[in-house]
There are 2 protein chains.
Amino acid sequence: MKFEAFRKSIRLSKEDISRSLLEENRDRIKIKKEKVAVRNLVKILDAALAISNAKGFASMSLRDLSSEAGLSMGALYSYISSKEELLDMIQQQGRTVVARIMSENLSGINEPAEKLQKAIQAHLYLSEVLQPWFYFSYMETKNLPREAHRKAIESELFTEGIFADIIEAGMAKGVFRQVDPRLSAALIKAMLQDWYLKRWKYERRKVTVEEYGEFLMDLVLSYILVSD
Amino acid sequence: MKFEAFRKSIRLSKEDISRSLLEENRDRIKIKKEKVAVRNLVKILDAALAISNAKGFASMSLRDLSSEAGLSMGALYSYISSKEELLDMIQQQGRTVVARIMSENLSGINEPAEKLQKAIQAHLYLSEVLQPWFYFSYMETKNLPREAHRKAIESELFTEGIFADIIEAGMAKGVFRQVDPRLSAALIKAMLQDWYLKRWKYERRKVTVEEYGEFLMDLVLSYILVSD
DNA sequence: CATAAACGAACGGTCGTTCGGTTTTTTCCG
DNA sequence: CGGAAAAAACCGAACGACCGTTCGTTTATG
């Protein structure tokens, strides 16, 4: 599947994401009317990701955020109850989306090589759609409070586990070579991460996400497929 | 070569690093006696890396730093002239070491496969010796002031270029498959980075740096060597 | 006793957060 | 339909805490 087809198939608008985030935090957000709340949440999240990814979450003042989002300090605090909670919200929002999309894209596929390819592609394309979130999530993990930090690590290991499980299944079926599944999965993740962490590099070189995906797939399969 | 042999061969003590850093910044550091200056610079750099890597450079206050290093605020300012300059100093210190060690380890090797292996090993082992610096350097790049940021990117591309050049030479000699050298180099770097960025993961799984190196080498060579 | 080094209180500024007041939108009754 | 009352949303000055940095004083060294 091409990237554009993928992007359309998952139907992830900023409004949808903000709406589900609103529902999950109804108690903390003081705004009553959904339409108003969603509109401003989109602005707040966009601004927060843009500023944080440019200079780090810790260096983003709430005055920066309020002016970039077009809201006063007071209004801002009707949507978030603290700066730290904003961090939590952003992380939580992305994690659920990633888990959902990955499982949707992998269910029903049984052939290991095909499933591995699909998993790589889905993760890569999703990280392209949600690049600001992926970047943010990677860079700010260590600044999370204890419990949120634990969840972030759990989520990282969960994603890695998806790849490791596929590799193990392929080895059991005899279509993959005997390799270390955990280490292989870790390195696949590392290569997937480079796409959203070093995007400036690939943009400059005019490498498209499809080209990157094909290249990565070629490398992984040449390592893992049994050579006859 | 085993890791321990490598570590001994490069002879990189904290004192040596601080001493050369002192020499390059004689004008900015107010302390006259080398012995005193080196001793405290080691403490300052250790503390700065420890705190920064735990909660980010921006979130490290100079009061944190002064208490962790065992110096008063006033004394601290005899060694650095501003917080931003400390950031610069740390970056600069590591960059020169990396460039030197890489070139020392690669000079005189002509066989591409051997050279590629040596380059991967040297980079991996060096990142193990200087793990706090590598981690810091990766995470704080985007917070650097303009000029320092440019240098950091230049250095990243330089290292990538080392790998790309070796791959190109191997392709020209016919010992490597025809692949995209830049993309291959980028992905090798991405996998090297995972070692020092996700160290907690590998430590927990009791993966040694030697095992990681062998695994990575196997993956890269199985992709890049011509199959006969 | 002279010089080098270390000290820590003090300064102006910015931070996250609050809150009393104002504006905008919705509701409802004559 | 119209406009006043009620509710919702927004505003920004003000607060105490903490930040990076300075500097007059004290302590250590040789």
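Order of the sequence lines fixes the chain letters, A, B, ..., with proteins taken first and strands second; residue numbering starts at 1 for each chain.
- Rounded to a whole Å, the CD1 atom of B:Ile31 is 14 Å from the C1' atom of D:dT29.
- Mapped onto DNA chain D by nearest heavy atom, B:Gly74 and A:Ala37 fall at different nucleotides, with A:Ala37 at the one closer to the 5' end.
- Among the nucleotides C:dA5, D:dT22, D:dA8, the one closest to any side-chain atom of A:Lys32 is D:dA8.
- Candidate nucleotides C:dA6, D:dG12, D:dA8 were compared by shortest atom distance to the side chain of B:Tyr79, and C:dA6 ranks first.
- A sub-4.0 Å separation between OP1 or OP2 of D:dA9 and a side-chain N or O of A:Tyr77 is absent.
- With rounding to whole Å, A:Leu65 atom CG is found 9 Å from C:dG16 atom P.
- Atom-to-atom, CG of B:Leu62 to P of C:dG8 comes out at 16 Å; the value is rounded to the nearest Å.
- Between A:Lys201 and B:Glu160 a salt bridge is recorded (basic side-chain N to carboxylate O distance below 4.0 Å).
- Between B:Leu76 atom CG and D:dC19 atom P there is a gap of 14 Å when expressed in whole angstrom units.
- Listed candidates were C:dT18, D:dC10, C:dA9. Nearest to the side chain of A:Val36 is D:dC10.
- Both tests hold for B:Lys83 against B:Phe57: distance to the six-membered ring centre under 6.0 Å, angle to the ring axis within 45°.
- One finds a salt bridge joining A:Asp16 and A:Arg19 here, because a Lys/Arg side-chain nitrogen approaches an Asp/Glu carboxylate oxygen to under 4.0 Å.
- Side chain of B:Ser72, nearest nucleotide from C:dA5, D:dT22, C:dA6: C:dA6.
- Comparing atom distances between the B:Arg63 side chain and each of D:dA9, C:dA5, C:dA10 picks out C:dA10 as nearest.
- Phosphate proximity of C:dA5 to B:Asn40: absent, as no side-chain N or O sits under 4.0 Å from OP1 or OP2.
- In this structure the side chain of A:Trp133 never reaches within 4.5 angstrom of the side chain of A:Ser127, judged on heavy atoms.
- OP1 and OP2 of D:dC19 both lie 4.0 Å or more from every side-chain N or O belonging to B:Lys83.
- Spacing between atom NZ of A:Lys30 and atom C1' of D:dC10 amounts to 12 Å, rounded to whole angstrom units.
- Side-chain contact check for A:Ser52 and A:Glu140: no donor-acceptor pair (N or O, by modelled atom type) lies under 3.5 Å.
- Within the 4.0 angstrom heavy-atom criterion, only backbone atoms of the sugar-phosphate kind lie near A:Ser61; the bases stay farther away.
- The 5' end of DNA chain C is approached more closely, in terms of each residue's nearest nucleotide, by B:Leu71 than by the other of A:Ile80 and B:Leu71.
- Nucleotide C:dG13 holds its C1' atom 15 Å from the CG atom of A:Asp64, rounded to whole Å.
- Between the C1' atom of D:dG20 and the CE atom of B:Met73 lies a distance of 7 Å, rounded to the nearest Å.
- Separating the NZ atom of A:Lys35 from the C1' atom of D:dA8 is a distance of 15 Å, rounded to the nearest angstrom.
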